[in-house]
Amino acid sequence: GGDSDEGTGAGSKSFAAGSTMEKLNKAQKIKIGTKFDQPGFGLKGLSGKPEGFDVEIAKIIVKELGIPEDKIEWVETPSKVREDSIVNGTVDLVAATYTINDKRKERIAFAGPYYEAGQNIMVRKDDSSITGPDSFKDGTKKVCSVVGSTPLEEIKKHVKDVATQVVPFDTYDKCRDALKQGQVDAVTTDNVILLGYIAKDEASFKMAGDNFTKEPYGIGVKKEDAAFRTFINDTLEKAFADGSWKKAWDNTAGKFGATLGNPPTVNRY
Amino acid sequence: MNVLIDRFDVFAGGFWLTFQICLLAAIGALILGAVVAVLRISPVPPLRAVGTAYVTVFRNMPLTVVMFFAAFGLPALGSNADFLRIPLLDQVFSRLGADLPYFRFALIALVLYTAAFVCEALRSGVNAVPPGQAEAARSLGLTFGQNLRHVVLPQSWKASVVPLGSVIIAMIKNSALVGFFGVAGDLSQSADQLTSAEGYAFIPVAIGISIGYLIMTVPLGALLDRLEKRQAVAR
Amino acid sequence: MSQQTSVLYDVPGPRQRRITLISSILAALLVVVGGYFLIYRPLDDNGQFSMDLWGPLVDPSNENFALVWERIGVGFGNTLIAAALAIGASLVVGTLLAVLRIQLRSLTARRFTGLATPLAYLLRGLSTLLAVVTRVCVEVFRGLPVVLTIFFVARGFPEFGISFDTLWYLVIGLTVYNSVVIAEILRSGMEGLPGGQAEAAAAVGLSPLQTTRLILLPQAFRIMLPALISQLVVVLKDTSLGFIISYEETLNIGKQIIGALGNPIQTYLIIGVLFIVVNYSLSKLAQYVQHRLARGRKTAGTPAQNPPPAALTAQAEGAGGI
Amino acid sequence: MSTGEPLIVLEAVNKWFGPLHVLHDVSLSVGKGEVVVVIGPSGSGKSTLCRTINRLEPIDSGTITFDGRPLPAEGKALARLRSEVGMVFQSFNLFAHKTILENVTLGPVKVRKEKPAAARERALALLDRVGIANQAEKYPAQLSGGQQQRAAIARALAMQPKALLFDEPTSALDPEMVGEVLDVMTSLAREGMTMVVVTHEMGFARHAANRVIFMADGQLVEDAPPAEFFANPRSERARDFLSKILTH
Amino acid sequence: MSTGEPLIVLEAVNKWFGPLHVLHDVSLSVGKGEVVVVIGPSGSGKSTLCRTINRLEPIDSGTITFDGRPLPAEGKALARLRSEVGMVFQSFNLFAHKTILENVTLGPVKVRKEKPAAARERALALLDRVGIANQAEKYPAQLSGGQQQRAAIARALAMQPKALLFDEPTSALDPEMVGEVLDVMTSLAREGMTMVVVTHEMGFARHAANRVIFMADGQLVEDAPPAEFFANPRSERARDFLSKILTH
Ligand SMILES: Nc1ncnc2c1ncn2[C@@H]1O[C@H](COP(=O)(O)OP(=O)(O)OP(=O)(O)O)[C@@H](O)[C@H]1O
Ligand SMILES: Nc1ncnc2c1ncn2[C@@H]1O[C@H](COP(=O)(O)OP(=O)(O)OP(=O)(O)O)[C@@H](O)[C@H]1O
Ligand SMILES: [Mg+2]
Ligand SMILES: [Mg+2]
């Protein structure tokens with residue numbers, strides 16, 4: 001947003017005494033975990049600052065906390081370290097294409113969702129043999145995803161032989177390269193991530209079929225911090241309403257041609 | 001601590017894969033290193049220059065960079081390292097569920113990098129033979145080849161064993177990097193898998209993984225210490 | 001090298017020189033042709049010489065040139081910071097560890113005569129225990145991959161509620177490993193000194209600690225200086241492991257640049273060259289220092305000092321060497 | 001020159017290296033001001049004998065007393081004893097990282113806690129005495145072997161020892177340099193320093209020693225004034241040894 | 001003993017090590033059966049002189065002829081020459097990984113292509129001759145210095161050389177062992193072997209040499225029969241050197 005200086009500084013907003021919001025506002029500093037290699041959501045490029053939808057959503061929350069944007073410390077949180085980073089207090093919150101699910105709720109809490117993605121499959125442009133997750137049933141096609149991610153676990157349910165068909169890498173970039181070079185036949189993960197790759201290299205890749213899961217993205221916070229979660233939920237609803245949510249999308253992931261649809265309903269569990 | 005028992009298969013599998021990678025890489029590195037060492041002590045200056053350049057490049061570059069190079073450079077040159085798909089090896093790979101270019105790339109990087117150190121270990125062995133030995137051989141009238149075969153090499157080999165062993169130990173440790181590099185299922189990647197994805201407590205997993213590496217490195221190190229002490233006494 | 005060749009080969013005569021010349025020309029041709037077909041052609045065929053890929057790295061007029069090099073500068077700065085902190089900490093800890101281990105050796109041999117018997121036994125037990133503990137630590141940390149020590153530090157510390165910047169995880173991880181290696185370098189330097197040095201010190205009446213501090217350690221530092229500088233190379237290389245804990249060193253920044261520009265070969269080549277230049281200079285420095293030390297030693301009839309054990313130097317160079 | 005009063009007394013000393021019996025019931029008394037030369041074939045235990053006297057080698061049985069007191073086993077007391085018994089080694093063993101002057105002052109300053117300035121004063125006098133005052137600021141590696149050995153003698157003298165032990169002080173030297181070191185040793189002997197000298201220099205033994213001791217296989221085989229020993233060795237072994245050494 | 005016919009002839013030989021002029025216009029002729037002892041201070045170029053004769057060191061100018069032919073520069077011819085000129089080093093340089101017997105037979109079998117059995121026969125005879133026949137199956141490290149050096153002499157003799165070069169063959173030895181090596185050398189000299197011997201053993205020079213050569217600073221300063229040289233050295237430097245060596 002352009003009006004970022006309005007209403008920032010210590011004590012610029014009033015929060016309940018002892019709450020996380022008050023602490024952060026007093027400190028005028030916040031650490032946010034996001035991805036650095038996720039086009040459209042969190043990508044650190046030549047500018048040295050991460051850019052993307054997750055980043056914009058985080059900035060909206062930070063603004064609501066009364067902290068100026070340049071006081072944010074961005075911390076790289078690849079998929080596998082997200083829970084640990086929250087639990088250990090390495091970051092104050094995580095916005096990193098973070099799918100809400102029950103297993104994760106055992107260790108941390110989610111605000112949101114602020115976006116509903118779905119798992120999809122990316123294949124080489126000239127490949128018509130894969131049309132959906134069931135194409136892996138015959139036991140020949142290899143599919144790649146990232147260690148520790150939900151899509152990896154999901155796709156395991158659709159393949160015949162996990163050991164030979166599922167190829168786990170540590171980043172999606174490697175999966176993409178492997179697909180391009182023919183070492184695997186497909187990459188599966190959330191549609192938005194795949195859209196980012198397709199947008200960058202339309203000559204090589206395409207999507208195979210529709211989303212076959214629902215992946216609601218949430219903001220990860222400490223499990224016991226209900227007040228902070230409520231605050232973020234409020235902030236998100238406000239952003240849905242005032243159009244800043246839509247604006248954030250259009251400036252980032254929206255550029256890849258993905259549709260946004262209606263705002264999701266935040267889940268105040 | 002239960003994880004050590006419950007998921008023993010993961011630890012054992014990781015150990016086995018790491019062991020196999022190390023074995024393959026060690027064989028490759030020994031062969032390549034010997035070739036480079038021959039280049040480096042050959043009397044032909046351009047060959048010597050090639051050997052020296054090789055060692056300079058690979059000794060001064062982080063293995064990480066070599067690995068990235070192998071992984072991104074080879075494909076860009078249009079190769080998936082298919083030349084490594086030698087029938088027998090290929091079988092081993094696929095049984096590991098690792099019949100993947102990344103496995104081969106990692107192997108290539110490990111071999112290229114380690115070979116530079118193997119070369120230096122072999123060369124240090126040749127240098128360790130006292131000059132008097134070669135001089136005495138020459139003054140008996142032995143030719144260059146005879147000198148090498150009967151006097152220098154048999155002795156340099158002994159002097160090389162310990163440094164070579166250390167290089168291999170270093171290589172075993174370096175192999176831990178492949179797990180962070182896309183080769184799934186080796187020891188170090190198992191650590192990651194168990195703690196991040198499956199949520200096991202960190203400390204027991206760390207202990208288990210450490211034991212896996214120490215089983216390979218510590219006895220080998222102790223053996224080398226013994227060998228070195230024995231050689232020191234014999235001298 | 002010249003010394004070594006002269007041991008293996010006679011000074012060449014005219015015929016030998018001719019043979020060498022001819023095979024040199026052949027070899028040079030072979031290298032050029034091989035380089036063309038194995039490296040240049042594949043690169044060219046795949047369009048890797050295109051200015052689109054090289055421009056941001058080598059062409060100052062390219063719009064991204066300044067940005068890219070600023071990022072690389074930041075990354076390399078971080079690399080240097082981490083390496084400097086790690087080597088400094090390793091030196092301090094390593095020296096203490098080496099002195100401790102040497103002292104413990106003479107301590108465990110002591111019988112503490114003159115003290116009451118139970119106290120003497122207690123002291124002897126304590127020093128033996130300490131000796132065993134340090135020994136085990138050394139073996140364990142020397143036998144573990146540095147990648148793992150870094151990873152364990154980054155994961156383990158927060159487990160106990162201690163959390164720092166990633167820089168410090170990297171520095172601690174590197175220090176754990178390298179201080180042990182440096183301790184071993186120094187210890188073997190002290191043990192490799194001619195036995196007469198310690199004996200002469202004892203004969204003058206210096207205590208064991210004085211002997212270590214005034215006689216052995218300073219000399220071990222000097223003799224092992226080349227090995228210590230080589231260790232600096234190892235540390236510099238090992239900082240690149242920071243990428244596994246998301247520390248923004250050179251290689252990590254390189255990944256980001258590649259993410260934006262899609263030119264892995266070119267970027268990694270530049271980064272590789274950067275490392276080679278810095279590390280090569282350091283190894284040259286080590287060689288120069290070694291030469292000077294060797295010359296200083298040769299000028300007169302001092303008994304030759306034992307060279308550092310082969311295993312150790314090789315391991316020091318190869319070991320962390322990632 | 002000897003006052004007769006014993007300074008170093010060894011009684012029934014035994015020493016093993018593992019299974020090897022290197023000192024075999026050795027008893028020996030060296031009086032104040034006496035110069036004793038020890039000779040014998042290689043491996044006969046001469047160096048070991050010499051090194052037990054300042055306890056660089058501990059012994060397995062028997063007693064050694066120095067100036068009336070038994071040798072302390074360890075700690076401060078041992079360091080003090082050692083500072084009273086100077087030792088000169090075959091390979092000089094100068095501290096390679098210190099200048100000649102620092103080599104000589106180190107003991108007095110660190111062990112005897114002398115003032116650096118005073119120690120320096122005395123060190124320079126000693127270096128002058130052994131004829132290398134002009135080398136004071138150099139490092140050992142810059143000196144010839146003969147100069148280094150003389151520096152080592154100065155270093156030992158700087159502690160004002162009651163006795164000096166020499167273990168083959170000239171056998172690592174080029175032949176031209178042997179003389180300069182023996183000259184210094186001879187003058188020390190003349191001035192009444194108590195000395196135990198392991199050496200193969202028969203000339204020195206002949207004209208500077210009060211007694212010659214012949215060792216073989218860890219045993220003290222003969223103990224006689226030099227004139228008597230060289231003219232008329234009593235044992236077969238000594239005769240044999242002398243014939244080997246003196247033939248060529 | 002010398003037949004007068006020259007075997008080794010050096011003419012105006014010069015040799016530099018970088019800027020260092022180590023051999024300075026050296027001319028020298030050694031007749032068949034002659035024994036020449038080379039003495040001189042350390043660094044005067046004695047070893048270098050010795051090593052140029054079998055071209056372990058190439059020379060920069062001048063000529064060296066052996067048995068009438070100039071030294072070949074390389075290859076087979078050089079190897080053949082070297083097999084005709086035996087060399088004995090200060091530090092023995094026995095092949096550490098081979099037994100004494102293997103050390104002695106290696107040259108005959110590999111260079112002269114003798115039958116192993118015959119070579120072995122002869123090797124044992126030679127070992128017997130130098131008095132170490134019973135050590136034939138041991139490794140060099142298991143022998144004393146004197147024994148090693150005698151084995152090295154046997155190794156050189158096994159090639160049936162026309163001349164033998166010795167570079168300080170006794171200076172790495174314990175004094176008792178010097179004799180046994182010199183005895184072997186003396187008997188070789190008596191039997192008419194042509195020998196060039198760098199040594200500090202004046203006794204050997206006196207009674208076994210036909211000529212003594214004194215070198216200083218790379219120059220051949222004196223060349224005289226031993227009796228003449230020791231009684232009456234002509235140059236100042238030789239006098240000075242002798243006085244230092246012979247005092248004690
Ligand atoms: N530290 C040691 N460990 C084991 N054996 C030793 C040790 N020091 C000496 N010896 C052995 O003890 C014996 C006596 O050694 P010592 O050095 O006292 O003899 P030496 O008479 O001085 O001989 P040299 O004239 O060669 O110096 C020798 O057989 C030697 O091998
Ligand atoms: N390989 C070499 N490179 C450079 N200089 C050398 C080399 N070998 C010998 N020198 C130098 O040449 C000179 C003569 O050496 P040489 O060994 O012939 O002397 P020497 O008379 O045998 O002395 P010593 O009695 O010490 O053996 C010395 O100054 C020596 O330092
Ligand atoms: Mg001795
Ligand atoms: Mg010489």
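Each chain gets a letter, A, B and so on, in the order its sequence line appears, and its residues count up from 1.
- Residue D:R155 comes nearest to C:A200 through the heavy atom pair NH2-CB, 3.5 Å, listed as atom of the first residue, atom of the second, then distance.
- When heavy atoms are compared at a cutoff of 4.5 Å, D:K76 does not approach chain C at all.
- For D:H97 (side chain) and C:L217 (main-chain N/O), no donor-acceptor pair under 3.5 Å exists by modelled atom type.
- Proximity to chain C is absent for every atom of D:R112, based on heavy atoms less than 4.5 angstrom apart.
- The most heavy-atom pairs under 4.5 Å with chain C, out of D:L165, D:V85, D:L94, D:L81, come from D:L94.
- Annotation: D:K110, atom NZ; neighbour count of heavy atoms from other residues, nucleotides and ligands within 6.0 Å does not exceed 12.
- Summarising the geometry, atom CD belonging to C:E199 is positioned 9.0 Å from atom CG belonging to D:N54; distances are rounded to the nearest 0.5 Å.
- Taking every heavy atom of both residues into account, D:S83 and C:V204 meet most closely at CB-O, 3.6 Å.
- The two residues D:A96 and C:Q197 come nearest to each other via the heavy atoms N-OE1, 3.7 Å.
- For C:Y288, the OH atom is loosely surrounded, since the number of other residues' heavy atoms within 6.0 Å does not exceed 12.
- The side chain to side chain contact (heavy atoms under 4.5 Å, CB included) search around C:A201 returns C:L206, C:T211, C:I215, D:F95, not counting sequence neighbours.
- Residue pairs satisfying the salt bridge (charged side-chain N to carboxylate O under 4.0 Å, His left out) criterion with at least one member in residues 206-222 of chain C, sequence neighbours excluded, are absent.
- Contacts between D:L173 and chain C at a heavy-atom distance below 4.5 Å are absent for every atom of the residue.
- In this structure, the portion of D:R51 lying under 4.5 Å from any heavy atom of chain C is its side chain and not its backbone.
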